[in-house]
Amino acid sequence: MKRTPSCKYYRLLADEYIEGELSGEVMHDFEAHIASCPECRTELEELRALKEMLAASNEEIPDGLHGKIMSAVRDEARPRRSCKRALMRTAVSAACAVLCLSLALIFTVLPLWQENTGSDVPEDHTAAGTNEEIKHDTVATVDAENAPTSPADSVPTADSVAEEPDQSPIETDVLKPDGGMSEAEVIPPVSTSAAEDVTFDVSESPSPAPGTSAEADKPETEEAATELPEAIETFAETLPISADINASEDADGEFEVFPEANKAPGGDEITLALLVVSGLLAVASFIAFLISLSSIRKTSQKKNK
Amino acid sequence: MPSLKYENLRLEDLFLLAKKGDGTAFEHIVLQTEKMIYNLALSVTKSREDAEDIAQETYLRLWRSLCDFRGDSSAKYYVLRIARNLAVDLIRKKSGLDTADNVIGTAEGDFEPELADEDPLSRPDEAYIRKMRAETLRKCLDDLPASARELIVMRDINGLSYAEIADMLGVADGTVKSRLFRARERLRQMIISKNIL
């Protein structure tokens, strides 16, 4: 049968037909042609035999080659696993170290921060009452310490005088109106007779008129006693409020009078920042530690399998 | 002795297992492909010693590059490509030539039929005849030009598709088909002349 041009086309398809790579209409056309063309059918069979021979002509691998290949691959694989395990160990150790450092920082910085913000100052630091009342109390304390409890106490009695007798005559120069000095006059010592009561007028006001009774003196001394605290109070009002005194008013209208503790400028912010950074470091290192542990566990499970 | 379940798996499935670190799966990849790799290396280098070195290096590179296998090409093609590149590089180093075609075309080796010293009349059984025929065929292959020999080995011995061969050689599918047809035709004529077909 004369070879048709189409035979060359089908001869090129023979290899794919033998390998089972033809499908559909192409395979149908090829089979139809093969059935009608003996030369193409002969060449197809020869090609099939050649491919079978070629497939069988593969030389067997030398003895020991498989063992050499697997040994080389195992040597290649082993250092990688141990490197990975060493890396995991290092990662876990580093995570633990960072965690400990972070916790140490937190426990060091936290008290410092609390101290700077004054959060541990006792609650009863506010004084009872307003500044005015404080001043009154202060004045009252001063009065209690210094002021006499009764007018009589301020008057030296003969007994008190008698306790320290001074029998020596007192010599004194008397200043004359013209500026000169008179001869020394001897003032006899005061009699220390217990029978005589000596009274002195201690008030600043002019001496009372003779004949006034002791009871009449009482209101004056009481008045003097109240005038002193008032004077102190007036003086106190003129004093400027100390910069150290905390004048903030709380809900009860009471002022904090205790000054704040010594505070370094900007120290609060720095300690707070340190605290935040330490906290974040602690959280991050703890997460890294957990991840490393789970990776080690997975690696161990794979090895056990 | 490898476990039975791995023997039933396809090469692509074994690749997936080996990627996850299954050493037994990798051993089965070696078992399924080592003969093919060795013979491809032998067809290019014409040296059994070089073919053994290339086979060993092929599987080492395969182990290192398992993660790069994405399944875009067949697993067999992936392994054969590694082996061919290694064989070409070895020939290039030995001959100092630039192009792969020139390298493969001038490859010289010590390939000799194993049965050259045996008396053909001492063992007239079918197995012997088959073996003789195979040896003669290999000799005929050896006599082919290197590019023709490589095409026949890749297609008819290793079973690669036209597309895979075209990708490996950097030519079109049609070029591979026509070159392969001419190579087979030449081989067939040689075989007929030696009366083994």
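In what follows, chains carry the letters A, B, and so on, assigned in the order in which the sequence lines appear, proteins first and then strands, with residues in each chain numbered from 1.
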Heavy-atom distance under 4.5 Å between the side chains of A:Leu65 and B:Glu34, does that happen here? no
Check whether any side-chain heavy atom of B:Lys177 sits under 4.5 Å from a side-chain heavy atom of B:Arg155, and report yes or no. no
Side chain, backbone, both or neither: which part of A:Leu47 has an atom under 4.5 Å from a heavy atom of chain B? side chain
Contacting region of [X] [heavy-atom separation from chain A under 4.5 Å]:
X        : answer
B:Glu185 : side chain
B:Leu141 : side chain
B:Tyr59  : both
B:Leu187 : side chain

Most chain B-contacting option - heavy-atom pairs closer than 4.5 Å, from A:Met70, A:His66, A:Lys51: A:His66
Between A:Glu19, A:Glu16, A:Lys68, who has the most heavy-atom pairs with chain B when the cutoff is under 4.5 Å? A:Glu16
Tell me whether A:Asp63 at atom CG has more than 12 heavy atoms from other residues, nucleotides or ligands lying less than 6.0 Å away. no
Before you tell me yes or no, could you show the steps for A:Glu59 and B:Arg48 under salt bridge (charged side-chain N to carboxylate O under 4.0 Å, His left out), namely the whole-Å CA-CA distance, both residues' side-chain angles and the distance that decides it to 0.1 Å? CA-CA 10 Å; A:Glu59 193 172 313; B:Arg48 289 195 176 86; 2.6 Å; yes
Would you mind telling me which of B:Asn158, B:Leu40, B:Ile157 has the largest number of heavy-atom pairs within less than 4.5 Å of chain A? B:Ile157
Whether B:Trp63 and B:Phe26 hold their rings parallel, tilted or perpendicular, with breakpoints at 30° and 60°: perpendicular
Checking side-chain polar atoms at under 3.5 Å, does B:Ser161 have a donor or acceptor matched by the opposite partner on A:Glu21? no
